[in-house]
Amino acid sequence: MGASQTLRIVCAISVFGFGSLASASDPDSDLAPPFTAIQVQDLAVPGSLSNAWADVDNDGDPDLAVSIRTGEVRLYRNDGGKLVSVGEAMGLPLSGPELRGLSWGDYDADGWVDLFGGPTSVAARSRLFHNQGGKGFVEVETPSPVTEAGRSSRQSTWVDIDQDGDLDFFAANRNGPNHLIRQDVDGFRRIAADQPVSDPRPTVGACWFDYDQDGDLDLFLANQAGATDALWRNDGMVFVDVAPELGMDRPGRRKEEGSVGCALADYDNDGDLDLYVASYGTAVLYRNDGRGGFVDVAAALGLNETLHAVGAAWGDYDNDGYIDLFVAAYTGVTGNLRPDDRLYRNLGGRGFRNVLPPGSAMNVADHGVQWVDVDGDGALDLSVTRAHLEEGGHFIFHNDLGRQARRRHLSVLVLDRNGHATRMGAEVRLFSRDGRILATRQVSTGGGYNSQSVLPVHFGLASKGPVTVEVTYLTDGRRVTQRYRRIDPARLPGGLLRVREGDDP
């Protein structure tokens, strides 16, 4: 496959039964916009596992880190939409124990995002690479609970759990108790292993969000091997598993079944965060009822397929104002596993339809999934990884959305009081001029299976015109909201709004 080869999932009606390109006012159309595979030869590296995006050099565009089965960590600097491999030159490893669960976070609050990599072998240490002002990385050799051995990593999360202004760390563990690690003035310390949140079930996906809107982050755990799932409600750093009483634990699964990746989004634009859980088995979509409860609506909305699903990511790829869902899955037997992916278009909050045609060249993901605007044109591109077989790689599909549709977007970069991107879990809502809720996004707290990002949140807009932006920070056990009125995305450079905690909008 050549680097310039175009892979389009828009096909003539005689081939796939699709019509012409949908507009934002046509939610029932099956049609997805065209995507083009970019830099195919550069990125076709077998054994690609984790993909994690962040602005490594603070130049305003997203850069990509990818872990390879050989232990290499590839870093691509984004030069105007073109990815340039710089990992070796910047001090990242070329070999070693296999790493998964890559995660970016500015743990020392110096304004430069650092990189964590968790191993699959419990005998290997995790690795933490300190960002040297965007010019290189140095591995942190000082012993720390963050880098100690004893975990089989699939998902890692930097998040301010205790709301004291610095980033703490959560490491999901597929082979034993999870590790919740708190950062204090004198360094990192693991919260006692006998605390309930040190869940011993085989965890591969973790999503932090304030589901009960009480001002602190709660934790959903996606657990494998027939284990039940968990929703640890945070009652002031005392955690209680409320999944059984909320009907979210999924008991009675067989050993080969289980939850894998979790992904948060407000799919119906009602102002609260809903939860999709990719599974070995039947997927679920928990609709947040806004009163502290959840209802599984996957069957009613067309998402309850039985798949061997791994990761999932939400993104409004067509900028129609409703967030869509890509699911990475695979089929077959060990040694001959093939991708079996889905791109579910959101039909105006009333249901979903898979618009990935049979045999699509985009059907290549079996691990990490992220939506990211690589070239800053206003349309979300798709970043996926494939670990199995020689056809593996870390593929990027450019979203060739039309110019008018690309302009219907708003990106919001949420910063802390020091201007750093450390406020994972903050919520951003858009309102129309008459006060109607338009959409909700969460600053990512991780998610599920080998994938993570520190990026601005992206909104597609059904129409042009000013909006009110509401940002909710979780601070000292409270929900503190800042409002920015009469924001006109068309007047913002690149459609990007930067907000800082403590602003007086």
Side-chain angles (χ1 to χ4, degrees), residues 22-27 33 207 209-211 213 263-276 285-290 297 301 312-326 344-352 370-373 378-380 399 401 405-414 423-445 447 453 455-473 479 481-490 492 494-499 505:
S23 70
S25 61
D26 184 15
C207 285
F209 67 125
D210 185 12
Y211 88 89
Q213 298 194 355
L264 291 160
D266 179 10
Y267 81 87
D268 51 359
N269 290 347
D270 66 351
D272 47 40
L273 293 169
D274 312 298
L275 178 68
Y276 176 84
L285 174 61
Y286 293 116
R287 181 179 62 81
N288 189 330
D289 66 11
V297 295
L301 299 181
W314 295 93
D316 185 1
Y317 71 84
D318 49 3
N319 281 356
D320 69 347
Y322 284 91
I323 201 162
D324 312 295
L325 178 66
F326 190 94
Y344 293 110
R345 185 168 189 260
N346 188 335
L347 307 177
R350 298 178 289 107
F352 293 84
Q370 286 288 312
W371 292 100
V372 53
D373 187 358
L380 287 177
N399 187 345
L401 202 60
R406 291 199 309 272
R407 295 179 64 183
R408 292 196 318 269
H409 88 281
L410 172 66
S411 295
V412 181
L413 179 60
V414 178
R423 300 302 269 128
M424 290 77 162
E427 300 165 7
V428 186
R429 291 176 176 82
L430 296 191
F431 295 86
S432 63
R433 280 184 289 186
D434 60 3
R436 179 172 52 89
I437 182 74
L438 298 176
T440 308
R441 301 288 186 267
Q442 184 198 47
V443 179
S444 176
T445 58
S453 68
L455 297 172
V457 297
H458 173 275
F459 293 90
L461 303 171
S463 59
K464 299 178 182 178
V467 294
T468 292
V469 179
E470 181 181 281
V471 182
T472 300
Y473 297 90
R479 294 171 60 86
T481 297
Q482 296 175 187
R483 291 181 180 86
Y484 302 79
R485 304 183 189 279
R486 295 182 294 278
I487 299 298
D488 187 350
L492 296 171
L496 176 66
L497 174 68
R498 296 173 183 268
V499 301

What closest approach, in Å, do Pro489 and Gly465 show between heavy atoms, and which atom pair accounts for it?
-> CD-O, 3.7 Å

State, with a plain yes or no, whether a side-chain heavy atom of Pro456 is found less than 4.5 Å away from one of Leu496.
-> yes

Atom CG of Asn288 and atom CD of Gln213: how far apart are they, to the nearest 0.5 Å?
-> 7.0 Å

State the CG-CG distance between Asp272 and Leu264, to the nearest 0.5 angstrom.
-> 11.5 Å

pair Tyr473-Val414: side-chain heavy atoms closer than 4.5 Å = yes

Exercise: identify the closest heavy-atom pair between Ile437 and Asn269 | CG2-O, 3.5 Å

May I ask you to decide if Ala379's main-chain N or O and His458's side chain share a donor-acceptor pair within less than 3.5 Å?
-> no

When rounded to the nearest 0.5 angstrom, what is the spacing between OG1 in Thr472 and CZ in Arg423?
-> 11.0 Å

Between atom OH of Tyr344 and atom CH2 of Trp314, what is the distance when rounded to the nearest 0.5 Å?
-> 10.5 Å

Answer whether the closest heavy-atom distance between the side chains of Asp316 and Arg441 falls below 4.5 Å.
-> yes

Lys/Arg-Asp/Glu bridge criterion (N-O < 4.0 Å) met for Asp270, Arg287 | no

Pick out which of Ile487, Val412, Val428 makes a side-chain contact (heavy atoms from CB on, under 4.5 Å) with Val499.
-> Val412

Asn346 backbone acceptor or donor facing Asp324 side chain under 3.5 Å = yes

Tell me, do Leu413 and Leu497 make a side-chain contact under 4.5 Å, heavy atoms counted?
-> no

Once you round to the nearest 0.5 Å, how far does OH of Tyr267 lie from CG of Leu273?
-> 12.5 Å

Would you check if the side chain of Asp488 reaches a backbone N or O of Pro466 as a donor-acceptor pair within less than 3.5 Å?
-> no

Within a strict 4.5 Å, meaning less than it, do heavy atoms of the Val297 and Asp268 side chains meet?
-> no

Compare every heavy atom of Arg408 with every heavy atom of Asn319, then report the nearest pair and how far apart it is.
-> O-NH2, 3.1 Å

For the pair Asp373 (side chain) and Gly378 (backbone), establish whether a donor and an acceptor sit closer than 3.5 Å, ignoring hydrogens and angles.
-> yes

So, Asp266 side chain and Ala439 main chain: donor-acceptor pair closer than 3.5 Å or not?
-> no

Taking side chain as C-beta onward, heavy atoms only, is Phe209 less than 4.5 Å from Gln442?
-> yes

In this structure, which one of Leu325, Asn399, Leu401, Ile323 forms a side-chain contact (heavy atoms from CB on, under 4.5 Å) with Tyr317?
-> Asn399

Provide the closest heavy-atom pair for Ala263 versus Cys207 in the form atom of the first, atom of the second, distance.
-> N-SG, 3.9 Å

About how many Å separate CG of Leu285 and CG of Asp274, when rounded to the nearest 0.5 Å?
-> 6.0 Å

Do Arg429 side-chain atoms and Thr440 backbone N/O form a donor-acceptor pair below 3.5 Å?
-> no

